[in-house]
**Q** 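First the structure, then my questions, so here it is.
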Amino acid sequence: QDRVPENIHHAARPKCWYRWIAVNIGAIGLLLVGVVTDPQYAPDSPAAALSVEVIGECPRRDAIVAALLSVVGKDASSPRQGTPRVSDLGDRFEVEASGQKGQYPDAARDCVERARVAAVFIALALNPPMPQSGGVPRDAASPSSPTKEAPSDPLVEVTPPAPWWALLAIAARIDGASSANGFPTDVAIGGEVRGTVGRRSWGILTGAGVLTPTTSAFGSISVRQQRYPFNLAVVARRRVSPSLEVAVDFGVSLVVLTLRAEGLERVDPATRLATGARLSFELRLPALTPSVLPFVALHGEFFPRPFLLDVDPLGEIGKTNRFWLGASAGLSLGGR
């Protein structure tokens with residue numbers, strides 16, 4: 001009684017077999033439809049036309065293809081000179097396409113940014129921009145060659161000041177000193193030439209001049225004195241405004257003296273070299289031209305060892321002046 005009738009058993013088997021076949025055919029059909037309709041596997045899709053070789057893990061090929069599709073869209077085409085290659089070099093990566101190659105540093109290993117940069121490089125290499133009006137468009141710069149920003153104002157050119165400078169000065173000069181008797185004052189006028197060369201705020205000055213002779217009375221005897229000053233000094237200068245500059249120099253003063261007593265039957269002129277110290281303050285005024293600068297200056301000279309004036313048969317009648325104070329004004333030629 002528990003045995004299933006033979007006719008019922010054989011009648012149920014064909015029905016189950018056809019159901020299993022129908023289920024499998026439907027699943028295979030759905031899989032084929034999905035593959036055919038997926039744009040990534042479609043033979044005519046842009047993704048299928050793009051071939052990118054990736055060496056390394058960062059960036060990934062699918063990220064590069066996705067970024068490249070967003071750049072070129074439907075205009076994607078196969079490369080003419082080999083397959084584009086993106087190589088992971090650790091702290092940098094390299095992109096090569098259509099004979100062009102570029103390396104980019106990326107220590108942070110930002111794979112998304114690497115994919116975007118690689119996609120832009122490949123897109124420009126596969127489809128280079130066409131020149132317009134004989135030139136390259138401004139926005140078609142290659143990622144491998146950084147662009148230079150244009151100056152904000154092309155009419156303004158900023159140049160750093162030259163570290164070295166030189167000046168040649170010509171000036172009129174006046175010197176004065178109290179006579180040996182205290183009054184009157186000996187005054188000499190003349191001229192001088194001096195040259196200065198320096199670097200930034202410091203320089204070396206040398207100069208030479210000639211002054212008119214002065215006459216000092218010592219009782220009944222007059223002594224005629226003429227001075228030929230020379231000087232060597234260190235100069236420090238500072239700009240106090242765009243058009244004014246102050247300079248100070250300190251150094252050695254060498255003065256050749258010619259002395260001659262007058263009113264005597266026998267006259268023996270003498271020549272001496274006086275050595276002293278010199279201090280000068282100079283104000284350079286606004287330039288007349290880019291290379292001509294007017295200036296005014298005050299100077300003082302001190303001679304610690306004056307010369308004694310010894311006249312026969314009277315003996316010692318006086319001595320030369322220790323301190324001279326003077327001023328000069330003229331023009332400086334050259335650069336500041």
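One is the number of the first residue; the rest follow in order along the sequence. Heavy atoms only: backbone and side chains are in, while hydrogens, waters and symmetry mates are out.
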**Q** Does either side chain, that of S253 or that of E301, offer a donor lying less than 3.5 Å from an acceptor on the other one?
**A** yes

**Q** Verify, without hydrogens or angle tests, whether D62 (side chain) and A66 (backbone) share a donor-acceptor contact under 3.5 angstrom.
**A** no

**Q** Does this structure show an ion pair linking R284 with E282, if we count only N-O contacts that are shorter than 4.0 Å?
**A** yes

**Q** Would you confirm whether E94, through its side chain, and V86, through its main-chain N or O, come within 3.5 Å as a donor-acceptor pair?
**A** no

**Q** Using a 4.5 Å cut-off on heavy atoms from C-beta on, say whether the side chain of L259 contacts that of T320.
**A** yes

**Q** For G300 versus L325, what's the shortest heavy-atom pair and its separation?
**A** CA-CD1, 4.3 Å

**Q** Could you tell me whether the side chain of T214 and the main chain of V187 form a donor-acceptor pair under 3.5 Å?
**A** no

**Q** Taking all non-hydrogen atoms of both residues, which atom of A327 and which atom of H299 are closest, and how far apart?
**A** N-CE1, 3.5 Å

**Q** Tell me, please, whether W165 has R237 positioned over its six-membered ring: NZ or CZ under 6.0 Å from the ring centre and within 45 degrees of its axis?
**A** yes

**Q** Checking Q225 now: which residues fulfil side-chain hydrogen bond (donor to acceptor under 3.5 Å, both in side chains) with it, not counting sequence neighbours?
**A** none

**Q** Mind checking what makes side-chain hydrogen bond (donor to acceptor under 3.5 Å, both in side chains) contact with D88, not counting sequence neighbours?
**A** R109, R114

**Q** Please list, chain by chain and in numerical order, all residues satisfying side-chain hydrogen bond (donor to acceptor under 3.5 Å, both in side chains) with S280, sequence neighbours excluded.
**A** D249

**Q** Counting heavy atoms not belonging to R305, are there more than 12 under 6.0 Å from its CZ?
**A** no

**Q** Quick check: is L333 connected to L288 through a chain of hydrophobic side chains (ILVMFWY, heavy atoms under 4.5 Å apart)?
**A** yes

**Q** Evaluate the criterion ring-ring contact (aromatic ring centres under 6.0 Å, His included) for residue pair F302 and F323; output intermediate values, then yes/no.
**A** CA-CA 5 Å; F302 176 72; F323 183 75; 7.1 Å; no

